[in-house]
Amino acid sequence: NAGVMQNPRHLVRRRGQEARLRCSPMKGHSHVYWYRQLPEEGLKFMVYLQKENIIDESGMPKERFSAEFPKEGPSILRIQQVVRGDSAAYFCASSQRQGLDVNTEAFFGQGTRLTVV
Amino acid sequence: KQEVTQIPAALSVPEGENLVLNCSFTDSAIYNLQWFRQDPGKGLTSLLLIQSSQREQTSGRLNASLDKSSGRSTLYIAASQPGDSATYLCAVRGTRTDSWGKLQFGAGTQVVVTP
């Protein structure tokens, strides 16, 4: 059972370009979370998705950022018109279920390190 | 609003000593608490998950305790090794509707074990 797969591992974009980050959850996991780790800072929650639904996007910047988790395929975090301040490590995590269930352990991918030049 | 604090921010010990890492959280309404390890430039590796009804979890040289009422968790690493050098993060998953599904992370404790 492969872990959470993120690609690309490293991504370089010029200011104003679009960045698309992909996350394939662990097999059997239907909950996906995106977190951002800015240099010298802790991980901050961005968005929580289930298949075809955004459950909580309270940590997403209001502009330029969007996320989806389609019925088929990976979850995508999309950043339009990137700026230097978007440079960070973006981590995806998945879990099997929510609620009072032992299977709420979150498993993280290796992250995508975005550099905006 | 949940706040997660980890003390100390950095720790250096000689090989063989036991490590004690502290995590505190302000809102006791949690489902579980998870300890992670992060190596430089790498992702997060889950070490231990403690459900809110549990007092401790053990895995090999690692033992994590949880006192939900006082908002504290401690990660003990016995007989430290240079390979234990990493940043250790604790995170809580809250039960309140505005925290549903999120992990709230502390800033981490950076550990260096010297040979």
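So that the names make sense, note that chain A is the first sequence line, chain B the second, and so on, each numbered from 1. Just the heavy atoms: all of them, side chains too, but no hydrogens, waters or symmetry mates, feed the values below.
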Peer 1: What part of A:Gln37 gets closer than 4.5 Å to chain B, counting heavy atoms only: side chain, backbone, both or neither?
Peer 2: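 For A:Gln37, the contact with chain B is made by the side chain alone.
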Peer 1: Can you establish whether the number of heavy atoms outside A:Met60 located under 6.0 Å from its atom CE is more than 12?
Peer 2: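 More than 12 heavy atoms, drawn from other residues, nucleotides or ligands, come within 6.0 Å of this atom.
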Peer 1: Among residues at least two apart in sequence or on other chains, which ones pass ring pair (Phe, Tyr, Trp, His ring centres under 6.0 Å) with B:Phe25?
Peer 2: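 Testing B:Phe25 for ring pair (Phe, Tyr, Trp, His ring centres under 6.0 Å), a comparison that skips the adjacent residues, returns none.
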Peer 1: Check whether B:Phe105 forms a cation-pi arrangement with B:Arg93 (NZ or CZ under 6.0 Å from the six-membered ring centre, at most 45° off the ring normal).
Peer 2: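 Geometry flag: not set, cation outside 6.0 Å or 45°.
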Peer 1: Is it the case that the side chains of B:Asn63 and B:Glu56 hold a donor-acceptor pair, with the cut-off being a distance below 3.5 Å and no angle test?
Peer 2: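 B:Asn63 and B:Glu56 do have a side-chain donor-acceptor pair below 3.5 Å.
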Peer 1: How long is the span from the OH atom in A:Tyr35 to the CZ atom in A:Phe108, to the nearest 0.5 Å?
Peer 2: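 Reported value, rounded in 0.5 Å steps: 5.0 Å.
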Peer 1: A:Arg84 vs A:Asp86, test: salt bridge (Lys or Arg N to Asp or Glu O under 4.0 Å). Steps then yes/no.
Peer 2: CA-CA 5 Å; A:Arg84 288 222 171 104; A:Asp86 297 333; over 6 Å; no
Peer 1: Is there any residue in residues 75-82 of chain A with a non-hydrogen atom under 4.5 Å from a non-hydrogen atom of chain B, and which ones are they?
Peer 2: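 Hits under 4.5 Å: none found.
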Peer 1: As an exercise, state the distance from OG1 of B:Thr87 to CG of B:Leu11, rounded to the nearest 0.5 Å.
Peer 2: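 Those atoms lie 11.5 Å apart.
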Peer 1: So what's closer than 4.5 Å to chain A heavy atoms on B:Gln104: side chain, backbone, both or neither?
Peer 2: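 No part of B:Gln104 comes within 4.5 Å of chain A.
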